[in-house]
Amino acid sequence: MKVVLLAGGKGTRITEESEYRPKPMIEVGGMPILWHVMKEYSYYGFHEFIICAGYKQDKIKQWFSKYFLRTSDITFDYTAGHNDVTVHHSRTEPWKVTIVDTGLNTMTGGRIKRIQKYIGDDTFMMTYGDGVCDIDLQDLLRFHESHGKIATLTAVTLKESKGTLDIGKYGAVRFFREKKIIDSKPINAGYMVLNKEIFDYLKDDRTVFEQEPLERLAAEGQLMSYQHNGFWQCMDTLLEKQQLEQLIGSGEAPWKKW
């Protein structure tokens with residue numbers, strides 16, 4: 001089964017890093033966060049990826065063009081006047097990676113629409129290239145196959161970061177409660193499974209996947225949620241990158257099962 005990764009945005013909230021590279025190529029623990037996401041899928045047996053690139057897409061192509069050499073032990077032999085290369089051992093994963101330039105300013109739905117020819121009639125997985133999770137991807141797929149709807153998204157509930165106030169007349173605080181998980185609502189964490197019919201909901205490059213397509217699917221009863229109660233974290237800001245780095249450094253990164 002193919003895995004589609006959205007990796008074309010400009011990452012405007014983490015410009016300290018995204019000025020020089022696409023946000024999915026920003027490194028966590030010495031490797032791009034996109035690589036971490038791919039390792040998650042690979043752990044569960046999904047090895048074929050379609051990367052929807054856009055902003056600085058050449059950086060993604062360059063990185064993967066050198067990945068085999070970077071993960072192999074190699075002898076370069078020039079003694080006979082030739083450039084003979086011997087690969088002794090490779091730690092490269094059994095991946096097939098297709099990188100597609102889906103446009104600089106294309107919206108998320110438009111990017112997915114542009115890679116339709118690489119999907120064909122198959123059901124496929126899709127997520128964002130800047131967030132990691134400890135979800136059981138095989139269980140997610142079983143859930144999707146069990147309900148027969150067009151789309152499944154993973155829902156996570158994040159604890160509110162602020163306390164709750166009940167404010168009365170003249171600004172008097174009548175009630176205060178520290179932040180609790182019950183104050184939050186589930187959000188879309190990505191990690192989706194989509195049937196081929198999803199392409200009928202995508203119009204053109206201006207289509208924002210998270211707006212009209214998902215809203216229409218929900219209205220038609222074709223969108224299901226897989227509730228994930230474990231770890232999930234996106235990397236929208238420099239602070240979130242630092243938090244992920246700390247987890248890697250401590251050896252307690254929940255998504256790192258490989």
Side-chain angles (χ1 to χ4, degrees), residues 1-13 18 21-25 32-34 37-38 40-41 46-61 63-64 95-131 133 137 140-141 143-145 147-155 187-226 234-236:
M1 179 172 287
K2 298 180 179 70
V3 180
V4 174
L5 302 171
L6 292 179
K10 296 181 179 179
T12 55
R13 286 184 284 177
S18 63
R21 72 197 84 183
K23 184 167 68 165
M25 299 307 292
I33 192 168
L34 179 66
V37 176
M38 293 170 70
E40 294 174 37
Y41 279 95
F46 304 102
H47 304 300
E48 186 169 354
F49 301 94
I50 300 172
I51 300 176
C52 299
Y55 173 70
K56 295 187 181 296
Q57 52 91 24
D58 58 303
K59 300 291 186 183
I60 301 176
K61 293 176 180 176
W63 192 88
F64 279 98
W95 292 349
K96 180 179 180 180
V97 183
T98 301
I99 303 168
V100 182
D101 181 2
T102 55
L104 180 61
N105 298 309
T106 308
M107 297 293 102
T108 49
R111 295 191 190 282
I112 299 170
K113 184 71 172 178
R114 284 206 188 192
I115 54 89
Q116 182 175 0
K117 64 182 179 181
Y118 298 100
I119 297 295
D121 293 333
D122 298 332
T123 295
F124 63 99
M125 290 187 161
M126 189 279 287
T127 195
Y128 305 98
D130 59 358
C133 189
L137 291 162
L140 169 65
L141 180 58
F143 174 76
H144 176 79
E145 293 173 338
H147 60 62
K149 306 298 183 181
I150 293 175
T152 299
L153 61 77
T154 296
I187 66 169
N188 171 23
Y191 291 89
M192 301 182 186
V193 187
L194 305 169
N195 293 348
K196 63 178 181 179
E197 291 82 6
I198 193 64
F199 294 109
D200 297 332
Y201 292 75
L202 308 174
K203 296 179 182 178
D204 52 34
D205 285 357
R206 295 170 294 178
T207 302
V208 179
F209 182 66
E210 299 79 9
Q211 295 179 4
E212 198 271 339
L214 288 188
E215 292 169 1
R216 181 181 161 198
L217 285 165
E220 295 176 1
Q222 290 293 333
L223 178 62
M224 298 291 287
S225 66
Y226 176 88
C234 62
M235 191 188 67
D236 283 335

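Treat the numbers as computed from the prediction; the structure is a model and nothing was measured.
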Under a 4.5 Å cut-off applied to non-hydrogen side-chain atoms, are Leu34 and Phe64 in contact? yes
Do Glu40 and Cys133 come close enough that some side-chain heavy atom pair is under 4.5 Å? yes
Flag side-chain contact, heavy atom, 4.5 Å: Thr98 against Ile51: no
Mark yes when over 12 heavy atoms from residues, nucleotides or ligands other than Lys203 sit less than 6.0 Å from its NZ; otherwise mark no. no
Below 4.5 Å, heavy atoms only, C-beta onward: do Ile150 and Leu217 meet side chain to side chain? yes
CG of Leu194 to NZ of Lys149, rounded to nearest 0.5 Å, is 15.5 Å
Non-hydrogen side-chain atoms of Tyr128 and Cys234 separated by less than 4.5 Å: no
If you take all heavy atoms of Ile33 and Gly131, which pair is closest and at what distance? CD1-N, 4.2 Å
All heavy atoms of Pro213 vs all of Val208, minimum pair found to be CD-O, 3.2 Å
Using side-chain heavy atoms (C-beta onward) and a distance below 4.5 Å, is Leu6 in contact with Asp130? no
For the residue pair Pro32 and Pro24, what are the closest heavy atoms and their distance? CB-O, 3.6 Å
Heavy atoms, side chains only, cut-off 4.5 Å: are Tyr201 and Glu212 in contact? no
Close side-chain approach of Val3 to Trp95, heavy-atom, < 4.5 Å: no
Name each donor-acceptor pair under 3.5 Å that joins a side chain in residues 99-109 to protein atoms two or more places apart or in another chain, with its distance.
from	atom 1	to	atom 2	distance (Å)
Asp101	OD1	Gly103	N	3.1
Thr102	OG1	Ala53	O	2.6
Thr102	OG1	Arg111	NH1	2.7
Asn105	OD1	Lys10	NZ	3.3
Thr106	OG1	Thr102	O	2.6
Thr108	OG1	Phe209	N	3.0
Thr108	OG1	Glu210	OE1	2.7

To the nearest 0.5 Å, how far apart are CD1 in Ile198 and CD in Gln222? 9.5 Å
Would you compute the distance between atom OG1 of Thr154 and atom CZ of Phe143 and round it to the nearest 0.5 angstrom? 9.5 Å
Can you tell me how far the CD1 atom of Ile112 sits from the CD1 atom of Ile50, to the nearest 0.5 Å? 11.0 Å
For Ile60 and Pro22, the nearest pair of non-hydrogen atoms, with its separation, is CG1-CG, 4.0 Å
With a cut-off of 3.5 Å and sequence neighbours excluded, list every side-chain donor-acceptor pair involving residues 115-127.
from	atom 1	to	atom 2	distance (Å)
Asp122	OD2	Lys2	NZ	3.4
Thr123	OG1	Asn195	OD1	3.1
Thr127	OG1	Tyr191	N	3.0

Rounding to 0.5 Å, atoms CG (Leu5) and CZ (Phe49) come to a distance of 6.5 Å
For Thr207, check side chain to side chain donor-acceptor pair (under 3.5 Å) against everything at least two apart and list the hits. none
Just by distance, with hydrogens left out, do Tyr41 and Glu48 show a side-chain donor and acceptor under 3.5 Å apart? no
Using atom types as modelled and distance alone, determine if a side-chain donor or acceptor of Lys113 lies under 3.5 Å from a backbone N or O of Phe199. yes
Trace of the side-chain contact (heavy atoms from CB on, under 4.5 Å) decision for Lys96 with His47: CA-CA 6 Å; Lys96 180 179 180 180; His47 304 300; over 6 Å; no
Measuring from atom CE of Met224 to atom OG1 of Thr152, what distance do you get when rounded to the nearest 0.5 angstrom? 7.0 Å
